[in-house]
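Here's the structure we're looking at; comments come further down.
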Amino acid sequence: MQQLLLFYIFLYFSTPLQKENITTQSHLQLIENKVNLFDSLTTQIPVTLIEPVDGDTIKVLVNGNIETVRYLLIDTPESKNPNMCVQLYAKEAYLRNSQLVKSGKLTLEFEQGNTRDSYGRLLAYVFVNGESIQGTLLKEGYARVAYVLHPPYKYLELFREDERLAKREKVNIWSRFDFVTYWGYNGCLP
C-alpha cells in the first residue's frame, strides 16, 4: 500500500511527458502487482465482461486493461483453435459459458504461482454472483478437470467431485464412450 502511495506522489510531481511514459509502464506493472497481491488471498476481484471467447476463456476489463482470462483447472472441447476441428459439445460449452458470464456480477480469484499461462493469458477462478463458473461447467458436463500443472490448488478437490458427479450422471461430454481422454477429446462435428 505504501508503494502505491509513493507511486501516485511520484506521478503527481512528474513532468507531463514523464507522467505519460511512467503511467503507461506503471499501469501494466500495477496490474501485475494487483494480481500478485491477491495470489495467496481468497479475495475476488470484480471485472467487466468484454466477451466470452469459448467454453473456458473470456475477455474482461480489469484495472483499465482488456485481459484474456483462461479458466484454471478445466478444459472444454475446442471450437476456435485454427489447428483443430470443431469438437463435439464445443458450441454447447461456449453457449453455456456465455450464458453464465452474462448472468451477473463477474469476479476473478487467482491461485498463488499460477497467474499467467505461456500465452500471457490470466489464469483465474471465475465467479458470477459468487458461484464458480468452473464448478457449474464441470457439474453440467461441459468441461473436464485438466491442466493440474503446479499444485496445490485450493479448488481442485471440489472440481474433481463436480466432475465425478457429471461422469456418474453421464451428462454431455460424459455421455459418449471414449470421447473424453487424458489429453483432451476425441471426435469432431461432421
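When a residue number appears, it is its place in the shown sequence, counting from 1. Atom set for the values below is all heavy atoms of this structure, side chains included, hydrogens, waters and symmetry mates excluded.
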Quiz item: Are any side-chain N or O atoms of E78 and backbone N or O atoms of C85, one a donor and one an acceptor, separated by less than 3.5 Å?
Solution: no

Exercise. Please answer whether the main-chain N or O of P46 pairs with a side-chain N or O of K105 as donor and acceptor at a distance below 3.5 Å.
Key: no

Quiz item: Does R160 pair with E163 as a salt bridge, N-O distance under 4.0 Å?
Solution: no

Exercise. Would you sort out whether L137 and L100 count as a side chain to side chain contact (heavy atoms under 4.5 Å, CB included), showing the intermediate values?
Key: CA-CA 9 Å; L137 293 171; L100 290 167; 4.0 Å; yes

Self-check item: Member of N97, D54, D56 meeting the side-chain hydrogen bond (donor to acceptor under 3.5 Å, both in side chains) criterion with T76
Solution: D56

Quiz item: Which is it for F110 and L122 under the side chain to side chain contact (heavy atoms under 4.5 Å, CB included) test, yes or no, and what are the steps along the way?
Solution: CA-CA 9 Å; F110 299 96; L122 283 177; 4.1 Å; yes

Quiz prompt | Between Y153 and F159, ring centroids under 6.0 Å | solution = no

Practice problem: Tell me, please, whether Y185 has R144 positioned over its six-membered ring: NZ or CZ under 6.0 Å from the ring centre and within 45 degrees of its axis? | Solution: yes

Self-check item: Test applied, side-chain hydrogen bond (donor to acceptor under 3.5 Å, both in side chains); reference residue, Y125; option that passes from K154, Q44, E109, E111
Solution: E111

Quiz item: Is there a donor-acceptor pair under 3.5 Å between the side chain of Q134 and the backbone N or O of Y71?
Solution: no

Practice problem: Tell me whether I173 is reachable from I133 by hopping between hydrophobic residues (I, L, V, M, F, W, Y) whose side-chain heavy atoms are closer than 4.5 Å. | Solution: no

Practice problem: Mark yes or no for whether S98, through its side chain, and L95, through its backbone, hold a donor-acceptor pair below 3.5 Å. | Solution: no

Exercise. Identify the heavy atoms of S103 and N129 that sit nearest to each other, and give their distance.
Key: O-ND2, 3.6 Å

Quiz item: Is any side-chain heavy atom of E92 less than 4.5 Å from a side-chain heavy atom of N172?
Solution: no

